[in-house]
Amino acid sequence: MEDCFICNKHVGNIQTSGAVIYEDEYVYVGHIDRNGNPNYLGHIMIDLKRHVPTLGDMNMEEAMAFGKAMARMSRALMEVEKAEHIYSYVTGHAVPHLHMHLVPRYPNTPKEFWGPFAVYDWSDAPFGDNNEVITLCNRIKSHLENNQSE
């Protein structure tokens, strides 16, 4: 779709921060982009490649690939980045193209900052520039490549 941010990202019309973490015929996984602002490190996006608005619009092949990507990315965030919990959500309000947010919660995050949005408000939250995002993406990608049987 011409006016879809995610579709345009997939065909290369829009440059986003980070690097591709994983991609297959059904899903694309990368880091969230915050328009040049510092990124909360580890906030991963899983995009369905086909333009559909909701979880219920996936076919079974897409659903299996999406679910597998969700599990593998969550596990990688825990193993590589030492996240203690992974929040996930799909809203579909701002961009009506199916994508899931995975937001890690890191050790020592105070309880008042627990939650997929609240972690951003913690003064000691791990934020980084695009170079740090690229380094994180590459660590996760390398981990996935070395643990393909998962």
Side-chain angles (χ1 to χ4, degrees), residues 1-59 61-106 109 113-122 125-145 147-148 150:
M1 304 220 34
E2 257 180 53
D3 59 346
C4 175
F5 173 82
I6 293 175
C7 287
N8 277 302
K9 177 175 75 170
H10 292 172
V11 297
N13 294 340
I14 295 173
Q15 183 67 27
T16 58
S17 61
V20 176
I21 296 170
Y22 175 78
E23 184 173 16
D24 65 22
E25 65 184 291
Y26 300 111
V27 298
Y28 172 96
V29 180
H31 202 280
I32 194 167
D33 183 83
R34 292 183 23 112
N35 297 320
N37 294 315
N39 277 297
Y40 181 80
L41 295 174
H43 185 155
I44 303 296
M45 301 289 295
I46 302 171
D47 303 339
L48 190 67
K49 284 190 169 178
R50 187 169 65 95
H51 183 87
V52 299
T54 69
L55 289 164
D57 294 313
M58 288 187 286
N59 62 42
E61 291 81 14
E62 292 166 332
M64 287 188 290
F66 203 83
K68 185 175 180 180
M70 179 184 59
R72 290 185 76 213
M73 294 310 131
S74 296
R75 185 176 304 116
L77 283 167
M78 295 176 92
E79 293 175 356
V80 177
E81 301 304 311
K82 306 306 180 209
E84 64 183 10
H85 185 81
I86 307 298
Y87 300 104
S88 65
Y89 62 94
V90 174
T91 60
H93 296 293
V95 179
H97 182 129
L98 179 59
H99 61 286
M100 175 176 279
H101 297 254
L102 298 179
V103 182
R105 185 183 76 222
Y106 295 106
T109 303
F113 299 106
W114 286 16
F117 305 107
V119 294
Y120 273 80
D121 296 330
W122 179 33
F127 281 86
D129 63 17
N130 193 45
N131 289 331
E132 291 169 291
V133 170
I134 290 170
T135 299
L136 180 143
C137 291
N138 288 335
R139 276 194 307 267
I140 294 173
K141 182 177 183 172
S142 176
H143 176 78
L144 294 171
E145 289 169 351
N147 296 281
Q148 291 184 14
E150 293 181 353

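- Between the CE atom of M70 and the CD1 atom of I86 there is a distance of 11.5 Å, given to the nearest 0.5 Å.
- Checking side-chain atoms of R72 against main-chain N and O of L144 turns up a donor-acceptor pair under 3.5 Å.
- Note: Y22 OH to K68 NZ = 6.0 Å, rounded to the nearest 0.5 Å.
- Between M100 and L102, the closest side-chain pair of non-hydrogen atoms falls below 4.5 Å.
- A side-chain donor-acceptor contact under 3.5 Å links H31 to the backbone of G42.
- When every heavy atom of I14 is checked against every heavy atom of F5, the shortest pair comes out as CD1-CD1, 3.5 Å.
- Between V103 and P116, the shortest heavy-atom contact is CG1-O, 3.7 Å.
- When each of R50, H51, H10 is tested with H97 by the rule side chain to side chain donor-acceptor pair (under 3.5 Å), just one qualifies, namely H51.
- The structure places CG of N13 at 4.5 Å from CG of N8, a figure rounded to the nearest 0.5 Å.
- We find that K9 and D33 are not joined by a salt bridge, their nearest charged nitrogen and carboxylate oxygen being 4.0 Å or further apart.
- With S142 contributing its side chain and N138 its backbone, the two residues share no donor-acceptor pair below 3.5 Å.
- Using a 4.5 Å heavy-atom cutoff, the side chains of V133 and L41 are in contact.
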For this session: Verify side-chain contact (heavy atoms from CB on, under 4.5 Å) between T135 and E132, making sure each step is shown before the conclusion.
Result: CA-CA 5 Å; T135 299; E132 291 169 291; 5.6 Å; no
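- Counting non-hydrogen atoms of neighbouring residues, nucleotides and ligands closer than 6.0 angstrom, the CD atom of Q15 reaches no more than 12 such neighbours.
- The one candidate from W122, Y87, Y89 that meets the ring-ring contact (aromatic ring centres under 6.0 Å, His included) condition with F117 is Y89.
- Nearest heavy atom pair, residue A118 against residue W114, reads CB-O, 3.6 Å.
- The two residues C137 and G18 have their closest heavy-atom pair at SG-CA, 4.1 Å.
- For the atom pair CG (L77) and NE2 (H43), the distance works out to 10.5 Å, reported to the nearest 0.5 Å.
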For this session: Could you please spell out the steps behind the side-chain contact (heavy atoms from CB on, under 4.5 Å) verdict for N37 and F127?
Result: CA-CA 10 Å; N37 294 315; F127 281 86; over 6 Å; no
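- Separation of atoms CG (N130) and CD1 (I134) is listed at 4.0 Å; rounding is to 0.5 Å.
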For this session: Kindly determine whether D57 and L98 satisfy side-chain contact (heavy atoms from CB on, under 4.5 Å), including the steps that lead there.
Result: CA-CA 9 Å; D57 294 313; L98 179 59; over 6 Å; no
Problem set entry | Worked check of side-chain contact (heavy atoms from CB on, under 4.5 Å) between M45 and V29 | CA-CA 6 Å; M45 301 289 295; V29 180; over 6 Å; no
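- With K49 contributing its side chain and E62 its backbone, the two residues share no donor-acceptor pair below 3.5 Å.
- Atoms CG and OG1, on N35 and T16 in that order, are 10.5 Å from each other to the nearest 0.5 Å.
- Scanning both residues, V119 and A125, for their nearest heavy atoms gives O-CB, 3.4 Å.
- In this pair, Y106 and Y40 present their aromatic rings tilted. The plane angle is within the 30 to 60° band.
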